[in-house]
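Since we're looking at a predicted model, the values are computed, not measured.
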Amino acid sequence: MTVAGISYVAVRLGVFGAVLAAMMMAEAASPRRRLRFARIIRWPSNIAMTVLSSVLTPLVVPVAAVAIAVVAQAHGWGIFNQVTLPGWVGATLAVMLLDLAIYAQHRLFHAVPWLWRFHRMHHSDPDFDVTTALRFHPVEIWLSALVKLAAVGVIGASPLAVLIFEVVLNATAMFNHSNTALPRSLDRALRLVLVTPDMHRVHHSVLARETNSNFGFNLPWWDRLFGTYRAQPEAGHDGMAIGLGTFDAAHDQRLDRLLIQPVR
């Protein structure tokens, strides 16, 4: 599938690989926190989880979000297919609304117990680095894909807007999960327009009141608007505990243990 002559899959894979490699190098050069476990304990399963989801998702949810955007555009479905706006305005607003939908979905996965069982696998990572951004249960990925398809149809986002959103969301999720030390002045400036690692790390605290904050993956505005923003963890970034306080032993990081965690 192409968008404006550009291969959708090639763009997503190219940006994914480039950002993942860049964040891994940045973490090695300037780590924010010392990791509890050696990378060899966590990285294979975290990376395997995203590979597994990428292979299985097309079998469960065979329609890509960009395909829904093409169909919606052809039939005039959705909000932005009912109004006339300059292309860049419509695309910008669509990307923002799609990001709001992901924010709402994230809060839902924390609020509904059976959804939390799948999402908690992401939070059970006892360390916080770029591979944490890859650690999502396949069932959560499938449910998220369905939410995204519905949001694209309702919003009437253009195929190009969907491509931009998916590429940017994927890249920013890896950035804000990275164990990278940013200068405080840069962090303060960036978090006005982008979720930073220090901002999102608070969300991975073992403290429930901190876990239930900073839900944004991309834009930081929704947390501020809806009262879920927390600037810093109570114990500071060096002192805060990461994870759930359970499922955090070395053997719990095996792929088989991660896959069955929702029923444990």
Side-chain angles (χ1 to χ4, degrees), residues 15-39 41-43 45-47 49-50 99 102-103 105-107 109-110 119-136 165-226 228-244 248 253:
V15 173
F16 171 82
V19 175
L20 179 62
M23 291 299 99
M24 285 180 172
M25 290 187 289
E27 289 178 342
S30 182
R32 182 67 169 87
R33 285 168 48 102
R34 182 176 180 178
L35 300 180
R36 290 176 58 191
F37 291 111
R39 292 180 177 86
I41 293 177
R42 299 170 44 258
W43 279 23
S45 295
N46 286 1
I47 294 172
M49 192 63 69
T50 198
D99 195 64
I102 296 301
Y103 167 86
Q105 174 206 298
H106 193 179
R107 291 194 65 175
F109 271 75
H110 276 251
H119 183 60
R120 75 180 182 189
M121 193 201 74
H122 175 65
H123 281 268
S124 69
D125 197 335
D127 280 315
F128 182 91
D129 65 18
V130 65
T131 68
T132 307
L134 315 179
R135 180 184 170 122
F136 286 95
F165 171 72
E166 295 208 311
V167 168
V168 170
L169 180 67
N170 194 256
T172 53
M174 287 189 285
F175 165 69
N176 59 47
H177 280 89
S178 68
N179 185 35
T180 307
L182 297 179
R184 291 184 181 180
S185 58
L186 178 59
D187 177 82
R188 284 195 300 269
L190 275 180
R191 70 169 63 192
L192 297 175
V193 294
L194 185 68
V195 176
T196 66
D198 272 12
M199 178 178 168
H200 192 68
R201 189 179 298 105
V202 178
H203 181 70
H204 283 258
S205 166
V206 296
L207 300 179
R209 57 186 173 276
E210 294 183 346
T211 305
N212 292 313
S213 69
N214 296 5
F215 291 95
F217 275 117
N218 183 13
L219 298 174
W221 309 327
W222 314 125
D223 283 300
R224 296 176 185 271
L225 180 62
F226 295 107
T228 54
Y229 176 70
R230 183 179 289 268
Q232 301 294 335
E234 291 179 9
H237 286 283
D238 293 327
M240 70 180 292
I242 297 290
L244 296 176
D248 59 356
Q253 311 313 311

Heavy-atom pair of closest approach, residues [X] and [Y]:
{"X": "Trp221", "Y": "Val193", "answer": "NE1-CA, 3.9 Å"}
{"X": "Glu27", "Y": "Val130", "answer": "OE2-N, 2.7 Å"}
{"X": "Leu194", "Y": "Phe175", "answer": "CD2-CE2, 3.8 Å"}
{"X": "Phe128", "Y": "Asn176", "answer": "CZ-O, 3.3 Å"}
{"X": "Ala181", "Y": "Pro31", "answer": "CB-O, 3.9 Å"}
{"X": "Arg36", "Y": "Asp248", "answer": "NH1-OD2, 3.7 Å"}

_Please report whether the ring centroid of His106 lies less than 6.0 Å from that of His122._
no

_Centroid-centroid distance, Tyr103 to Phe226, less than 6.0 Å_ = yes

Heavy-atom check, side chain of [X] versus side chain of [Y], under 4.5 Å:
{"X": "His237", "Y": "Val202", "value": "yes"}
{"X": "Arg230", "Y": "Asp223", "value": "no"}
{"X": "Met49", "Y": "Phe136", "value": "no"}
{"X": "Trp222", "Y": "Arg107", "value": "no"}
{"X": "Arg209", "Y": "Glu234", "value": "yes"}

Out of curiosity, [X] [atom1] to [Y] [atom2], how far, rounded to the nearest 0.5 Å?
{"X": "Arg32", "Y": "Asp198", "atom1": "CZ", "atom2": "CG", "value": "4.5 Å"}
{"X": "Arg135", "Y": "Thr132", "atom1": "CZ", "atom2": "OG1", "value": "7.0 Å"}
{"X": "His110", "Y": "Gln105", "atom1": "NE2", "atom2": "CD", "value": "10.5 Å"}
{"X": "Thr172", "Y": "Phe217", "atom1": "OG1", "atom2": "CZ", "value": "9.0 Å"}
{"X": "Leu244", "Y": "Ser205", "atom1": "CG", "atom2": "OG", "value": "10.5 Å"}
{"X": "Asn170", "Y": "Thr50", "atom1": "CG", "atom2": "OG1", "value": "7.5 Å"}

Within the distance-only criterion (no hydrogens, no angle test), does the side chain of [X] pair as donor or acceptor with the backbone N or O of [Y] below 3.5 angstrom?
{"X": "Asn179", "Y": "Arg33", "result": "yes"}
{"X": "His204", "Y": "Gly243", "result": "no"}
{"X": "Asn214", "Y": "His203", "result": "no"}
{"X": "Asp187", "Y": "Thr196", "result": "no"}
{"X": "Ser45", "Y": "Gln253", "result": "yes"}

*Take the angle between the ring planes of His119 and Phe109 and call it parallel below 30°, perpendicular above 60°, tilted in between.*
perpendicular

*Check step by step if side-chain contact (heavy atoms from CB on, under 4.5 Å) holds for Asn46 and Asp125.*
CA-CA 9 Å; Asn46 286 1; Asp125 197 335; 3.1 Å; yes

*Would you call Arg42 and Asp129 a salt bridge, using N to O less than 4.0 angstrom?*
yes

*asked:* Pair Leu169, Asp99 - check side-chain contact (heavy atoms from CB on, under 4.5 Å), show working.
replied: CA-CA 8 Å; Leu169 180 67; Asp99 195 64; 4.3 Å; yes

